[in-house]
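Below: one structure, written as structure tokens.
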Amino acid sequence: MAILHTVNKSPFERNALASCLRLSKAGSAILFIEDGVYAAMSGSRFADDISAAIADRKVYVLGPDMEARGVAGKIIDGITVVDYNGFVDLVAENDSVQAWL
Amino acid sequence: MSEELQEGVVKKMMYLNRKAPYGTVYALESLEVVLIGAAFDQDVSLAFVDDGVYQILNGQNTTKDSGIGMKDFSPTYKALGDYDITKLYVEKESLEERGLSADDLMDLVYEDEDDDWAEKPSIILVSREELADVMDEQEVVFSF
Amino acid sequence: MPTINVKGSDVAVDEEGYLEDLGDWNEDIAAHMADEDDLELTSEHWDIINFLREYYDEYQIAPAVRVLTKAVGKKFGKEKGNSKYLYALFPYGPGKQACRFAGLPKPTGCI
């Protein structure tokens, strides 16, 4: 089953990212939204964890939420930026959505 | 309040900011309290720690065009100097673990009235240890 | 929601008469509000109104009165940088009244 995982909390503030990375399977999709977009920044303490996930999962970030926060220029290589339409497509392409809050 | 804020009594007060700007209302609330509190002529400083450093990142853009439809309050930090709030402590370690440096922060300055309105930086980069010392000197710390 | 009628169009305001949407503002609205307060706007008034609008555009807040006072003194000359001058122009208060004419929200911390 194809699952889209969404993470909307800063990895520094909550362990939603850690739980998501631990419990998402190879081949699934992960999308960072809201404060979750801070996880997509290069050079952070979590960048290696994200790079490891990119090896066997598809990782996306919501562009408008990055732009709002002033972090659009520092995205880890291999993450795909999507807009709201892309968000909708991801939901439609997958069988279910697991929101890590 | 009246006893604690007697006229002429100046206290060292710090606003401690630890939350990212848009996910919760803490950052905006803190900023509003800072601006209102500025009327009391106290010795005020702000500290940005943990996710609080994201509040003063350069290049934020939350206008309606950007999609999230929230008021962009990041320009308001640039007005703090007008309110005589000139000490903004930023913890280096919090920046580093987020892959950030001082160059990623807004250029926050104040004009020194006693020095022919010379423009001076408001941001003071401090280590964790130095910040602990500054906090220790405070009489009041407001936590957001 | 209350409205005011300026030259044939209705403009939404809050219960204290401040514009609901800053984007609705034009000079006719300012003049209309001043007229309701029995004030005629002079170039000195417009200096302050325009200054407030520029300040809001840059910082996204209406400045506190003491901030406005200091800034006016710096921009328009020392003799204007005092509350006496500003209150003479805006008898209901440079914060409250001038910000209302300028289409801004009430200054933060202004009761």
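Both backbone and side-chain heavy atoms feed into the values below; hydrogens, waters and symmetry mates do not.
- Proximity to chain A is absent for every atom of B/D50, based on heavy atoms less than 4.5 angstrom apart.
- Ion pairing between a basic and an acidic side chain is recognised when a charged N comes within 4.0 Å of a carboxylate O; B/D115 and B/K120 show such pairing.
- At distances below 3.5 Å, not a single donor-acceptor pair connects side-chain atoms of B/Q138 with backbone N or O atoms of B/V141.
- Relative ring orientation between B/F142 and B/Y15 is described as parallel, the plane-to-plane angle staying below 30° on a 0-90° scale split at 30° and 60°.
- By number of non-hydrogen pairs under 4.5 angstrom with chain A, the leading residue of B/D104, B/T24, B/L100 is B/D104.
- Using a 4.5 Å heavy-atom cutoff, the side chains of B/Y77 and B/Q55 are in contact.
- Taking 4.5 Å as the limit, every side-chain heavy atom of B/L31 sits out of range of all side-chain heavy atoms of B/F144.
- Contact annotation for B/D72: neither backbone nor side-chain heavy atoms come within less than 4.5 Å of a heavy atom of chain A.
- Both the backbone and the side chain of A/E13 come within contact range of chain B, each with at least one heavy atom under 4.5 Å from a heavy atom of that chain.
- Remark: the B/Q60 side chain and the B/Y22 side chain contain an N/O donor-acceptor pair separated by less than 3.5 Å.
- For a residue to count as touching a neighbouring chain, one of its non-hydrogen atoms must lie under 4.5 Å from one of that chain's; by this rule A/K74 touches chain B with the side chain only.
- Listed options A/G43, A/S44, A/G73 were ranked by heavy-atom pairs under 4.5 angstrom with chain B; first place goes to A/S44.
- Of the listed residues (B/D51, B/L57, B/N58), the one with the most heavy-atom contacts under 4.5 Å to chain A is B/D51.
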